[in-house]
Structures are given as structure tokens and as C-alpha cells.
Number of protein chains: 2
Amino acid sequence: MEIPPVVIDRLPLYTRALSALESEAREVVSSQELGTRLGVTPAQIRKDLSYFGRFGKQGRGYNVHKLLDELQRILGLDRQWRMALVGVGKLGRAILGYEGFTPQGFRIVQAFDTDPKRVGEQLNGLTVKSADELESALSANPVDVGIVAVPAEIAQSVINTLVKCGVRAILNYAPIAAQVPRGVHLKRIEPVLALQSMTYYLKNSRGPA
Amino acid sequence: MEIPPVVIDRLPLYTRALSALESEAREVVSSQELGTRLGVTPAQIRKDLSYFGRFGKQGRGYNVHKLLDELQRILGLDRQWRMALVGVGKLGRAILGYEGFTPQGFRIVQAFDTDPKRVGEQLNGLTVKSADELESALSANPVDVGIVAVPAEIAQSVINTLVKCGVRAILNYAPIAAQVPRGVHLKRIEPVLALQSMTYYLKNSRGPA
DNA sequence: ATCTGTGAAGCACTTCACAGCG
DNA sequence: CGCTGTGAAGTGCTTCACAGAT
């Protein structure tokens, strides 16, 4: 069956709320309560879950632990994912130092840069390699995800190289509207883009509250 | 007229592509070409723009400079936006040091933390204030946007305080599914969330390309 | 001839509302 | 009686297709 992409985007939110409930030692939760916590309607949660199976018990709700487990399996969060970082400037270093990846099973296992001055540097236990070596390094040691943290001017060409190396999921921090072929997944992780759409609403609703 | 939210989310992409075209000294662009650059259909671009006016010339296309100007005005990007950062740990410092905000008219003008050890510190020209002072500091010196970079456990309460202080746009870096009242805009800027939905597709399409 | 602007058609997602299980 | 799972209805967004302007 073909699952609507928006549904897939909501599942990680559900896992997040379920983790919180689990650490509160809650055993059961209803779509109603989950919905209130997340700002999503209960009907939507039930419909979303129904694409994958029947996880609830009528009259009771969902077993927190079991549902969390199912969702993690569905999303592929029950294993480790290997990532390559391209660009170890200011932003790239911050990404390398980010502690939120590892506990969720995401690990940066290779780092690249185009600047020869940075090649060879040791950062967080990784030796920075030249971006010219991308192809050989990734074929010797493949990754699942590419993280792009290079200047806008070279971002598209870096993305093209990653795609050529078989990377099918890319996290793009560069401020460009990058193109990828069908079948490659790209997510823009870029604060300015998010800000620029919020300003529209700020501008159009003056006064407090 | 009520503009579909998805349309507003696309406008910043259009401004980005138009800026690129402008720096290439292109005078005119068609919806066809803009669409190819962005991976959006030409019809969608024309429809989106038609919500706001008639900016094109039949048989020719759109004047790059004029359209960019119009979109920036529509989105409110023709002025400065003031932001407050809450949380100056590792992540918060990286955000303070990010150079992508200023050229786009976004400026962090206040920084807060709950940890007394960090209060008083000088960072990027700002003196870190105690989170207890949020209310008084923001009423003396209001901001348009709040940036939340605190641990998950206290993120919701920080967000509540920001909302109480009249902040109506929030960029949330904390890994929680935060709640905000209607009328407040919140964007999740969180790499793990983006990764966790991409893994679904990776898991479900084995083999190269 | 080319490319916009736009009603109308088509598609995708959300919500409703209720049968049925615990 | 509460709450899930789900067809059907409703809503919102996208694409089509063409009249009209240059």
C-alpha cells in the first residue's frame, strides 16, 4: 500500500510522545490523550496507525511500549544509521559536536572538506578527508545519510557527488534550493527558511495575542 | 483572502532562487525555468503568485528584480526582525555564532539561560541574562521571535513563558513535541526528526538507486 | 509564438460518524 | 460504556487546459 508522505512525517512525533509516556511509566494511552499532547486530532492518529496495522484495544487504547516498538520498527529506528558530513567549517563542527544524534542511533562516521587546510585535522575522533576522496571513501565505507554543511556556492555539486556515490538521504544545511533526482530524499534543515515563512504571519497580525 | 499555508512555506524558496538569478544578472524568468530550478511545477508557481497579484507579463515571464522585491515585501523580509535566544549551552552558542541570520535581516538581541553559572557571561556582544528575567527583559525590550535551545525537560515551560511574554513566533531546537496556543507559530528545527522520517524510505527501498 | 493568470477538474489528506470489540 | 478501526464525506491543495495579453 502507498502511505501518504505526511503520515510518515508524523510518525517520529508519535514515537517522541510515546518515549515520554514510557519514561513516565504509563502503560496505556488513548488516541485522545496522545492527540492532546501533540496537537493532533485523535481521528488522525488512529487513521495514521491504521495504515500499518491494528495496534490498539477497543475500550482501552494503545499499549505504550508495544506501540513505540512497532513504530520504531516501521521507521527503521531499531538499527544504527551511518552518516557522512561534508563541510567542517563553523557549522560542520557544531553538527559534529551535536549530542542528539547518537542516542537515536545516528552516527557520523566520516567527515570531508574541500579546504586543504582542514584536511587531515582530527575532530571528534574522525580524520577530515578531502572532498576529492568522497567517491573512493564512500565506496570503501558506505553511509546511509549525507549531511551537507558547505557554502551555498558548492552545495549543489557536493549533493550531486553524494547522489552519484549512492547516498539516498541528504540533510541539507546550505541555504540553497537544491535539486535531487527522484528516489533521493532531501530535507532542508535551515533556520532562515523557517523564519522567513513565520514573518509573513507576524507581519499580518499586529497587536498583542 | 485566506492563503493556503503551504503557499507561504514555498515563497521563501522562490525568493532564494530569485536572489540567485539576480546575482547572475538575469532580468526575466519564466515559471517554467523557476520551476525546473526548484523542483516545483510551473503551474504551481503561477497559482501561488496569483494569490498576491499579477506580477508577470504574458509571453515574457517575470521580471526577476521586481518579483523578488514583491515577495520580500509580502513575507516581511524588507525589515529587521529581533530575536531572543533561550539556552546558551553548546547548541545555543552555535546558534549565536551562526552567520546566516544577519544577512537576511534576523538578529539575536538577547540571550538567556537557566544555569546561574552562565548568567553574566559575554557571548557575541551579548550579556547572558537569567531566564527568570525573561518577562521583565522582554517587556522592556520586545522581540519578534524566540529561539529555544534548552534541554527537552524544560523546553515546554520556556515556550510557555515566551508565549506569555507575547512572542508569537518560535524556533524550537529542543527534541520535544511542544504545544503552543492558536495564533502562535512554532517551527521545529530539529535534525533528528528529519532523519527519522527519511529512514522509513531508506528501509523500504533496498539496493542501489 | 510564448507565457501568464485562472476557473474547473482531479487528487490527497483530514475529519466525521458509527459499527463492533473489550 | 469507552475507545478503536474505517468507509464515506468533506476540505484543501495541485494540476489541467485554455483564454487572453504581448
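As the structure is a prediction and not an experimental result, all values here were calculated from the model. All chains are named by letter (A, B, ...) in the order of the sequence lines, taking the proteins before the strands, and each is independently numbered beginning at 1.
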Participant: Round to a whole Å and report the spacing from CD1 of B:Ile3 to P of D:dT14.
Facilitator: 13 Å
Participant: Under 4.0 Å between a side-chain N or O of B:Tyr51 and OP1 or OP2 of D:dC13?
Facilitator: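 No, no such contact exists.
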Participant: From the list D:dT15, D:dG5, C:dT14, which nucleotide is the closest neighbour of the side chain of B:Gln44?
Facilitator: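 Of the options given, the side chain of B:Gln44 lies nearest D:dT15.
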Participant: Measure from CD on A:Gln32 to C1' on D:dC1 and round the result to the nearest Å.
Facilitator: 16 Å
Participant: Rounded to the Å, how far apart are B:Ile8 CD1 and D:dT14 P?
Facilitator: 12 Å
Participant: Please figure out whether A:Pro5 or B:Pro42 has its closest DNA chain C nucleotide nearer the 5' end.
Facilitator: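 Final value for this comparison: B:Pro42.
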Participant: Kindly say whether, by distance alone, the side chain of B:Lys47 makes a donor-acceptor pair under 3.5 Å with the base of C:dG7?
Facilitator: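 Indeed there is one.
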Participant: Does the plane of the ring in A:Tyr200 sit parallel, tilted or perpendicular to the ring in B:Phe52? Use 30° and 60° as the thresholds.
Facilitator: perpendicular
Participant: Mind checking B:Arg60 for me? I need base, sugar-phosphate or nothing, with any heavy atom below 4.0 Å counting as a touch.
Facilitator: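 Here B:Arg60 touches the backbone only, sparing every base.
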Participant: Could you label the plane-to-plane angle of the A:Tyr201 and B:His185 rings as parallel, tilted or perpendicular, counting under 30° as parallel and over 60° as perpendicular?
Facilitator: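 Taking B:His185 first and then A:Tyr201, their aromatic rings lie parallel (interplane angle under 30°).
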Participant: Do the charged groups of B:Asp9 and B:Lys187 touch, with an N to O distance under 4.0 Å?
Facilitator: yes
Participant: In whole angstrom, give the distance that lies between atom CG of B:Leu38 and atom P of D:dT14.
Facilitator: 14 Å
Participant: Would you say the base of D:dT22 and the side-chain of B:Gln58 have a donor-acceptor pair closer than 3.5 Å?
Facilitator: no
Participant: Any side-chain N or O of A:Ser30 under 4.0 Å from OP1/OP2 of D:dC3?
Facilitator: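 For A:Ser30, the contact criterion (side-chain N or O under 4.0 Å from OP1 or OP2 of D:dC3) is not met.
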Participant: Record whether the side chain of A:Arg54 comes under 3.5 Å of the base of D:dG5 through a donor-acceptor pair of N or O atoms.
Facilitator: no
Participant: How close or far is atom P of D:dC3 from atom CG of A:Leu34, stated in whole angstroms?
Facilitator: 13 Å
Participant: Look at atom CZ of B:Arg82 and say whether more than 12 heavy atoms of other residues, nucleotides or ligands are closer to it than 6.0 Å.
Facilitator: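 Count over threshold, so yes.
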Participant: Inspect the contact between B:Arg37 and B:Glu33 and indicate whether a charged nitrogen and a carboxylate oxygen are less than 4.0 angstrom apart.
Facilitator: yes
Participant: Less than 4.0 angstrom between a side-chain N/O of A:Ser31 and OP1 or OP2 of D:dC3, yes or no?
Facilitator: no
